[in-house]
Amino acid sequence: MDENKAAVIHPVKIFNDALSAWSGNLIPIITFYSINIFLAKILQLSSSACGLSGASPAAGGAGRINLSLTIFFGVAVLLVLVLNSFFCLMVIHYLKARPQGRPSFVSVFEEARNGIVPYVKALFLLLIFIFVVTLVGFLFYMAGSAFYGSGGVGARGFKMSVLLLTSTVFVVLFIAACWYGFFFSLAPLVAAFEKKRPLDSMRESRRRVKGNAMRYALAFLFYILTYVAVGLAAYFGLTRLTHDKFILDFLDPVMGTLFGPLWLAVWFISYQRLAELKAGIKQ
């Protein structure tokens, strides 16, 4: 294969292919993904319940109850994340198998079950990386802010310099978390489909995205523009008919159910094209 022809991916084609796969399989993939929306709603209700329980000062027994609720909510978040990952994999495997014919539920379920463990491991490592880097930057900022507001010894100009330095560290680390998180974003798919270890899948993701980062990002930009355009049109269309908050509140979950699978389609087809790109260059 000519290496020059295989040197880049084409974001417009990726988005068009994702749009075609999404529209051609709308009913089954929306059925799978709607479970994720339902789980997210349950988690939101659980979060509200835990927040109400901890709204007033607690001591003694009440404090122990609030701690139990916090632990329960943390476990619920992890469980929902795993289930969300599983149903996302089912959508992706349905999109993967559809060009060869209509896949059965059993085959899609088995493929998702086989890939869920490496997928979740890579996803957790990615989330931990983003969280830790952001947290370190935030701690720098908080330390600088506390030092600036302290009444101890030190010239105001020096304190301002320290605050600016720690704020800069926070901004740099936050940008680094976002930037490298983007480069590592294919890791769950690499782990699930190629059975690589989490750290190896992150390295492989970075190798594949490197050199095509802007094109990879553009495919998602087209998705975002489509989502915003449809969302605004739906919102203004609904508000011409009604201002009932109960009805308008349904817009977000409906949009999520409809466009969540399209995001997965863009993500998966980007992974496929970058994998083909790598294989083509090796040839």
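Because only heavy atoms are used, hydrogens play no part in the values below, and waters and symmetry mates are left out as well, while side chains stay in.
- When side chains are defined from C-beta on, Phe147 does not count as touching Leu163, because their heavy atoms never get closer than 4.5 Å.
- Without hydrogens or angle criteria, Asp200 side chain to Lys196 main chain gives no donor-acceptor distance under 3.5 Å.
- Counting only heavy atoms from C-beta outward, the side chains of Val82 and Phe124 approach each other to under 4.5 Å.
- Using modelled atom types, one side-chain atom of Asn114 and one backbone atom of Glu110 make a donor-acceptor pair closer than 3.5 Å.
- Across Leu19, Val12, Asp17, a single residue satisfies side-chain contact (heavy atoms from CB on, under 4.5 Å) together with Phe15, and that is Leu19.
- Counting heavy-atom neighbours within 6.0 Å of Phe182 CZ, excluding the residue itself, gives a total above 12.
- In this structure a side-chain-to-backbone donor-acceptor pair under 3.5 Å is missing from Ser201 to Ala191.
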(Q) Go through it in stages, so that I can follow the logic: the residues are Phe105 and Met90, the test is side chain to side chain contact (heavy atoms under 4.5 Å, CB included), and I'd like the CA-CA distance, side-chain angles, deciding distance and then a yes or no. (A) CA-CA 9 Å; Phe105 173 82; Met90 288 190 70; 3.4 Å; yes

Q) Passes side chain to side chain contact (heavy atoms under 4.5 Å, CB included), Tyr216 versus Ser185? Steps please. A) CA-CA 11 Å; Tyr216 176 47; Ser185 61; 2.8 Å; yes

Side-chain donor-acceptor distances from residues 217-235 under 3.5 Å, at least two apart:
| from | atom 1 | to | atom 2 | distance (Å) |
| --- | --- | --- | --- | --- |
| Tyr223 | OH | Phe259 | O | 3.0 |
| Thr226 | OG1 | Phe222 | O | 2.8 |

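- The structure places NE2 of His93 at 10.0 Å from OG of Ser107, a figure rounded to the nearest 0.5 Å.
- Distance check, rounded to the nearest 0.5 Å: OG of Ser34 to CG of Leu258 gives 11.5 Å.
- With no hydrogens or angles considered, no side-chain donor-acceptor pair links Tyr148 and Thr166 at under 3.5 Å.
- For NZ of Lys195, the number of neighbouring non-hydrogen atoms (other residues, nucleotides, ligands) closer than 6.0 Å is greater than 12.
- Atom CZ of Arg197 is surrounded by 12 or fewer heavy atoms from other residues, nucleotides or ligands within 6.0 Å.
- A distance-only check finds a donor-acceptor pair linking the side chain of Asn212 to the backbone of Ile9 [under 3.5 Å].
- Classified by interplanar angle (parallel below 30°, tilted 30° to 60°, perpendicular above 60°), the ring pair Phe268/Phe193 is tilted.
- Annotation: Tyr180, atom OH; neighbour count of heavy atoms from other residues, nucleotides and ligands within 6.0 Å does not exceed 12.
- Looking only at distances, no side-chain donor or acceptor of Thr134 sits under 3.5 Å from a matching main-chain atom of Phe131.
- In this structure, the side chain to side chain contact (heavy atoms under 4.5 Å, CB included) partners of Ser85, at least two apart in sequence or on a different chain, are Ile116, Tyr119, Val120, Leu123.
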